[in-house]
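Presented below is the structure to which this report refers.
Chain naming here is simple, since letters A, B, ... match the order of the sequence lines and numbering starts at 1 in each. Only this structure's heavy atoms are used, side chains among them; waters, hydrogens and symmetry mates stay out.
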Amino acid sequence: MQYWLFKSEPDSYSFQRLALEGRTEWSGVRNYQARNYMKSMQVGDLGFFYHSNTSPPGIIGICRVIRTAYPDFTALDPQSPYFDPRASAAKPIWEMVDVAFERPLERFLPLELLRAHQPLAAMALVQKGQRLSVQPVAAKEWQAILALALQPDAVADPE
DNA sequence: GCCAACGTTGGC
DNA sequence: GCCAACGTTGGC
């Protein structure tokens, strides 16, 4: 059982949409490191759902891996924005997992708040220049974020 | 809209 | 194998 963080631009695919649809294919990842993380995922792994490239960016909810990695067929589809001419059925190159809606966080956690929270100082997400769309989350970071979400909005971060 | 950081490409 | 140029990500 491992923890992850999935980034998505809400204009492209939002957590609200996942809530409506129940599950989705996490297709379109075109970064080798992110792909390799997906290949190591197991059914039942949990992930934070992060809204990027929006104002404000942050973690909005939780999703769950429901299918392990398999070939990302959008890479083979010339009509897809994720088409990759190097990919073939025999060598798909890119893979994806399926994820399901789990639950929203008790409150939205903006990146600014996560950055200011000392227990998350080493978290990949808050490192300068990081842009991996799929990344691992340490168990301690996972628990710290769950706890943070339970703090009422008005309460200042004690750190 | 700007631009820093990053990954990839391709010439050499 | 090096590294400059380029395209993309994503915070601000």
Side-chain angles (χ1 to χ4, degrees), chain A residues 2-19 21 24-41 45-63 65 69-99 101-102 104-138 140-142 144-149 151 153-154 156-157 159:
Chain A
Q2 286 187 277
Y3 298 108
W4 306 98
L5 182 140
F6 294 85
K7 280 187 193 172
S8 185
E9 302 189 13
D11 288 347
S12 166
Y13 193 92
S14 68
F15 188 67
Q16 290 80 3
R17 187 166 158 199
L18 181 63
E21 297 181 349
T24 194
E25 296 154 344
W26 208 261
S27 60
V29 172
R30 295 294 177 268
N31 172 283
Y32 288 103
Q33 196 176 350
R35 180 204 66 181
N36 292 343
Y37 283 135
M38 286 200 295
K39 289 172 81 169
S40 73
M41 290 180 184
D45 283 1
L46 296 174
F48 287 128
F49 198 107
Y50 178 87
H51 277 174
S52 66
N53 212 1
T54 188
S55 187
I59 297 174
I60 185 165
I62 297 175
C63 59
V65 176
Y70 61 105
D72 181 345
F73 50 77
T74 65
L76 304 177
D77 176 5
Q79 305 307 314
S80 169
Y82 303 118
F83 177 64
D84 184 343
R86 300 170 304 160
S88 67
K91 290 192 173 181
I93 304 181
W94 303 112
E95 308 218 5
M96 61 186 180
V97 297
D98 289 355
V99 303
F101 174 82
E102 183 74 15
L105 288 189
E106 287 78 5
R107 62 170 176 147
F108 176 79
L109 296 177
L111 178 61
E112 183 181 24
L113 181 66
L114 300 172
R115 282 197 199 284
H117 194 50
Q118 209 285 327
L120 301 177
M123 188 181 182
L125 181 71
V126 305
Q127 304 312 309
K128 185 180 180 183
Q130 75 72 34
R131 34 179 238 189
L132 261 189
S133 61
V134 175
Q135 46 185 264
V137 174
K140 282 186 176 178
E141 294 163 355
W142 182 270
I145 288 168
L146 292 185
L148 198 55
Q151 293 179 13
D153 270 333
D157 186 349
E159 304 292 338

Starting at CZ of Arg131(A) and ending at C1' of dA4(B), how long is that distance when rounded to a whole Å? 10 Å
Where each residue is assigned the nucleotide of DNA chain B containing its nearest heavy atom, which of Asn53(A) and Gln130(A) is assigned the position nearer the 5′ end? Asn53(A)
Counting side-chain heavy atoms from C-beta on, which of dT9(B), dG11(C), dG10(C) comes nearest to Leu111(A)? dG11(C)
Tyr32(A) OH - dG7(B) P separation (whole Å): 14 Å
Would you confirm whether Gln135(A), through its side chain, and Leu125(A), through its main-chain N or O, come within 3.5 Å as a donor-acceptor pair? yes
How would you label the contact of Arg115(A) with the nucleic acid (heavy atoms, under 4.0 Å): base, sugar-phosphate, or nothing? sugar-phosphate
In whole angstroms, how far is the C1' atom of dG11(C) from the CG atom of Leu132(A)? 16 Å
Rounded to whole Å, please give me the gap between CG in Leu113(A) and P in dC12(C). 13 Å
Please report whether the ring centroid of Phe73(A) lies less than 6.0 Å from that of Trp94(A). no
Whole-Å distance, His51(A) NE2 to dG10(C) C1', equals 14 Å
Steps toward side chain to side chain contact (heavy atoms under 4.5 Å, CB included) verdict (Gln151(A), Arg107(A)): CA-CA 8 Å; Gln151(A) 293 179 13; Arg107(A) 62 170 176 147; 3.8 Å; yes
Quickly work out the Gln135(A) CD to dT9(C) P distance and round it to whole Å. 15 Å
Geometric class of the Trp142(A)/Tyr3(A) ring pair [parallel <30°, tilted 30-60°, perpendicular >60°]: parallel
What's the closest nucleotide to the Gln33(A) side chain, out of dG7(B), dT8(B), dG10(C)? dG7(B)
Evaluate the ring planes of Phe6(A) and Trp26(A), with Trp represented by its six-membered ring, and classify them as parallel (under 30°), tilted (30 to 60°) or perpendicular (over 60°). perpendicular
What nucleotide among dG10(C), dG11(C), dG7(B) has an atom nearest to a side-chain atom of Tyr50(A)? dG11(C)
Closest of dT9(C), dT9(B), dG11(C) to the Arg86(A) side chain is dT9(B)
Length of the line joining Ile93(A):CD1 and dG7(B):C1', which is rounded to integer Å: 15 Å
Grab the CG-P distance between Asn31(A) and dA5(B) for me, whole Å please. 18 Å
Quick check for you: among dG11(C), dA5(B), dT9(B), whose closest atom lies nearest to any side-chain atom of Lys128(A)? dA5(B)
